[in-house]
*Asks:* 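Got a structure here, written out as structure tokens. Questions coming.
Letters A, B, ... mirror the listed sequences (proteins, then strands); counts begin at 1. Not measured: the values here are computed from a predicted model.
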Protein chains: 2
Amino acid sequence: MRPTVHDIAAAAGVSLATVDRVLNQRPGVRHVTREKVETAIRELGYVRDVAAANLAKGRTYPLVFILPASDNSFMHGLNAEIRQAVLRSSAERTDIRTIEVPAFDPAALVSVLEGLSREKPCGIALVATDAPEVRAAVDRLVRERFPIVTLVSDLTGSLRHHYAGVDNIAAGRTAARLLGRFLGSRKGEIAVLAGSMLVRDHRERLEGFAAVMAEEFPALAILPVLEGRDDPEVAHMLVADALSRHASIIGVYSLGAGNRGLIRALKEKAVDRVLTVIAHELTAHTRAALIDNTIDAILNQDAGHEVRSAIRVLKAKADGLAVIEAQERIRLDIFLKDNLP
Amino acid sequence: MRPTVHDIAAAAGVSLATVDRVLNQRPGVRHVTREKVETAIRELGYVRDVAAANLAKGRTYPLVFILPASDNSFMHGLNAEIRQAVLRSSAERTDIRTIEVPAFDPAALVSVLEGLSREKPCGIALVATDAPEVRAAVDRLVRERFPIVTLVSDLTGSLRHHYAGVDNIAAGRTAARLLGRFLGSRKGEIAVLAGSMLVRDHRERLEGFAAVMAEEFPALAILPVLEGRDDPEVAHMLVADALSRHASIIGVYSLGAGNRGLIRALKEKAVDRVLTVIAHELTAHTRAALIDNTIDAILNQDAGHEVRSAIRVLKAKADGLAVIEAQERIRLDIFLKDNLP
DNA sequence: GATTTTTTGATTTACGTACATCAAAATTGG
DNA sequence: CCAATTTTGATGTACGTAAATCAAAAAATC
């Protein structure tokens, strides 16, 4: 049986009220007494029963999710997962609010973050835009003791407590190796379609991709990156154009969103040639393209896992509890047509 | 605010005691009264606060894990994850007991299962041996209202509530496509190393593998399956022998355990040829082999996820609650040397 | 040593549920 | 219609913690 507050009170030779004062850092306890209690807590290995405490406090966890207002499948999916989490709110004692900010706009993100100081949520999850002022705003909030996790896109070098997203450098490297191995000994050019080189996750994917390509597959040359702004129309135009101009393209790596346009371009322009294509994010479109062999592999991050993980971590941090690291590691899913969920 | 028992009592125009009798299916409630209460519950959308209920009951969840006594890295890992779960027992209110049974021995498994009727755990997780008598024993326990999940290896056609493991047919198919694509246009023979064709998960992997090979990669011929009994020594002998006799082996698929022996054989016998190798289960040995290019890809199931998922599902079933399906789907991890955790 | 201040103890209520007891009411059987 | 039985209500205690109140004790100040 795990020890209760009564056990500590008895062990420390103090009253229940004093134990309560120590546990909830209320004033009016002499230093020596506080130490006696803390010793008892340590020796008995007491851990507060969070369920009972939450019941007594009537506690809820007000959480804020800050997302970019991007109109692509992945962000829609992320939003949907947050709505699912909202449906579970009463059971999980959460109270989730989402705030949309203009995409790629550090100033807007910073102003939202600054507004949160007054709102006092017990945790914040944000899709980070990688900029010094954002980093500074996050660090400020962390110093004010707000639990903060970055979602999908990290903010390296900041004080955020946790990152709920995939390792994008590893994702890029993995894409490169898959593409290289699938192409075998063929020689040719590789087109890379990105959203924007201003977003950290895209930059990192490209970095990992280029590194492995250079190290291991020198017969494959990477063409200048096409920046499709995660927009299907732009992506379509850029890819169609690239395919027309370079007859020697034998592989494509799409590391951002807007794959609808990519797929259309491939079907129009590449019927006569054998292209190996790797794309990110499993959506209705990419799934169909994987099945009909337009795409050869899809790398994916599971938005549901990211959202649930962010919530678990924020709650744990708010309670000062440890997280199960292995459980919170967001994995890179690799889908071939055979292991689709 | 979510409704409480008091709210239902008021809404149904009955006392708290009656609500309690209905909720906990205690006797002494007239049929019409019971219906009134149930209507109120439905209309207010009442859901019992599990945390408060468990607090009041002092409830713990006695769970039993039944594992085969196999001496391989995967089972050791699974055991380790269960021990980790035991460490979290007090926080999660679980009380976990593991029982080891001889591997591949349906009779032993059945007798353990039958013993559980008396022990009355609130949930059972087992690594199923695929046999009719096991199926019958599981079905019997399900009918006695024990929540049961199969772990790692499923028992299709039984009444088990849930399967916490990967789709092994999909795993085999994925292995085949990876191997086929990595080998490109090369022609040759493929060696398959399994543990035993008596185990369902191995049979399923082979089935998926053979199907895709036949459909999509006719230039590759599968040699008769080597059954290494998940034993490194046996595996070493079988693979070394096969490599000596068949000069045309260009690929290997190891779908079971005992990869230590496989790796040794590859290093001894295949230094002079280019082999593409796909293996299951990420262990210290397979990880090292992936990094030094002896193995090209590793398919993995995360034992930690399987154990945590089994526990979550068993607890939910014991409480009659729904599970988050997407969260409990055990994914097939594909590791290249670039995305190792 | 008396007074003020700080620290501690004792006790109570609450959270939402479970469970037990006893009395009161309603229903049933004869 | 009375008695026996079933059903319902009222009430209290418990789980482990939070939070508040008020009195008592101890320590610090003059």
*Asks:* Whole-Å distance between C/dG16 C1' and B/Ile41 CD1?
*Replies:*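 Computing the B/Ile41:CD1 to C/dG16:C1' distance gives 14 Å.
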
*Asks:* Tell me the interatomic distance from A/Lys36, atom NZ, to C/dG9, atom C1', rounded to whole angstroms.
*Replies:*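 Going from NZ in A/Lys36 over to C1' in C/dG9 covers 12 Å.
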
*Asks:* How long is the line joining CZ of A/Arg93 and C1' of D/dA18, in whole Å?
*Replies:*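 Distance check: A/Arg93 CZ to D/dA18 C1' gives 13 Å.
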
*Asks:* What about B/Arg2, does its side chain sit under 3.5 Å from the base of C/dG16 through a donor-acceptor pair?
*Replies:*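 Flag unset: no donor-acceptor pair detected.
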
*Asks:* Give one of base, sugar-phosphate or nothing for A/Gly58, where a contact means two heavy atoms less than 4.0 Å apart.
*Replies:*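 Here A/Gly58 touches no strand at all.
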
*Asks:* Round to a whole Å and report the spacing from CG of B/Leu16 to C1' of C/dT17.
*Replies:*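 Between C1' of C/dT17 and CG of B/Leu16: 9 Å.
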
*Asks:* State whether B/Arg26 places a side-chain N or O below 4.0 Å from either non-bridging phosphate oxygen (OP1 or OP2) of C/dC19.
*Replies:*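 Yes, B/Arg26 has a side-chain N/O under 4.0 Å of OP1/OP2 on C/dC19.
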
*Asks:* Can you measure B/Ile8 atom CD1 to C/dA18 atom P for me and round it to whole angstrom units?
*Replies:*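 Roughly 10 Å, once rounded to whole Å.
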
*Asks:* What nucleotide, of C/dT7, D/dT17, D/dG9, holds the atom closest to the side chain of B/Arg21?
*Replies:*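 Nucleotide nearest to B/Arg21's side chain: D/dG9.
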
*Asks:* Going by heavy atoms in the side chains, are B/Asp302 and B/Ile330 under 4.5 Å from each other?
*Replies:*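 No; the side chains remain at least 4.5 Å from each other.
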
*Asks:* How do B/Ala17 and B/Ala52 order along DNA chain D: which one's closest nucleotide is nearer the 5' end?
*Replies:*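 Between the two, 5'-proximity favours B/Ala17.
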
*Asks:* By the 4.0 Å heavy-atom rule, please label A/Asn24 as base, sugar-phosphate, or nothing.
*Replies:*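 The answer is sugar-phosphate, as A/Asn24 gets under 4.0 Å only of primed atoms, P, OP1 or OP2.
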
*Asks:* Does the side chain of B/Leu159 reach to within under 4.5 Å of the side chain of B/Val138, using non-hydrogen atoms?
*Replies:*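 The answer is no; the side chains never approach within 4.5 Å.
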
*Asks:* State which of D/dA19, D/dT7, D/dG16 makes the closest approach to the side chain of A/Lys57.
*Replies:*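 Within the option list, the nearest is D/dA19.
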
*Asks:* Evaluate the criterion salt bridge (charged side-chain N to carboxylate O under 4.0 Å, His left out) for residue pair A/Lys315 and A/Glu92; output intermediate values, then yes/no.
*Replies:* CA-CA 10 Å; A/Lys315 287 176 73 173; A/Glu92 299 178 350; 5.4 Å; no

*Asks:* Do B/Gln301 and B/Asp333 come within less than 4.5 Å of each other through their side chains, counting heavy atoms only?
*Replies:*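 No, too far: nothing below the 4.5 Å cut-off.
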
*Asks:* Of the nucleotides D/dT7, C/dT17, D/dG16, which one has an atom closest to the side chain of B/Arg30?
*Replies:*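 Between D/dT7, C/dT17, D/dG16, the one nearest the side chain of B/Arg30 would be D/dT7.
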
*Asks:* Rounded to whole Å, please give me the gap between NE2 in A/His31 and P in C/dT6.
*Replies:*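 In whole Å, C/dT6 P lies 18 Å from A/His31 NE2.
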
*Asks:* Could you work out which one of D/dG16, C/dT27, C/dT17 sits closest to the side chain of B/His6?
*Replies:*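 Nucleotide nearest to B/His6's side chain: C/dT17.
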
*Asks:* For A/Arg59 and D/dT17, is the shortest distance between a side-chain N/O and OP1 or OP2 below 4.0 Å?
*Replies:*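 False: A/Arg59 side-chain N/O out of range (4.0 Å or more) of D/dT17 OP1/OP2.
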
*Asks:* I want to check something: taking the side chain as every heavy atom from C-beta on, are B/Asp20 and B/Arg26 in contact at a cut-off of under 4.5 Å?
*Replies:*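 Of all side-chain heavy-atom pairs linking B/Arg26 with B/Asp20, at least one is under 4.5 Å.
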
*Asks:* What nucleotide among D/dG16, C/dG16, C/dG9 has an atom nearest to a side-chain atom of A/Asp49?
*Replies:*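 When the side chain of A/Asp49 is considered, D/dG16 is the closest of D/dG16, C/dG16, C/dG9.
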
*Asks:* Send over the distance from A/Asp20 CG to C/dA14 C1', rounded to a whole Å.
*Replies:*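 Taking atom C1' of C/dA14 as the reference, CG of A/Asp20 is at 13 Å.
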
*Asks:* So which one's nearest nucleotide on DNA chain D is more toward 5', B/Gly13 or B/Leu55?
*Replies:*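 Closer to the 5' end of DNA chain D: B/Gly13.
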
*Asks:* Give the rounded distance in Å between these two atoms: CE of B/Met1 and C1' of C/dG16.
*Replies:*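 Taking CE of B/Met1 and C1' of C/dG16, I get 10 Å after rounding.
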
*Asks:* Under 4.0 Å between a side-chain N/O of B/Ser15 and OP1 or OP2 of D/dA10, yes or no?
*Replies:*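 B/Ser15 to D/dA10 OP1/OP2: no side-chain N or O under 4.0 Å.
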
*Asks:* Is the NZ or CZ atom of A/Arg48 both under 6.0 Å from the centre of the six-membered ring of A/Tyr46 and within 45° of that ring's axis?
*Replies:*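 No cation-pi geometry.
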
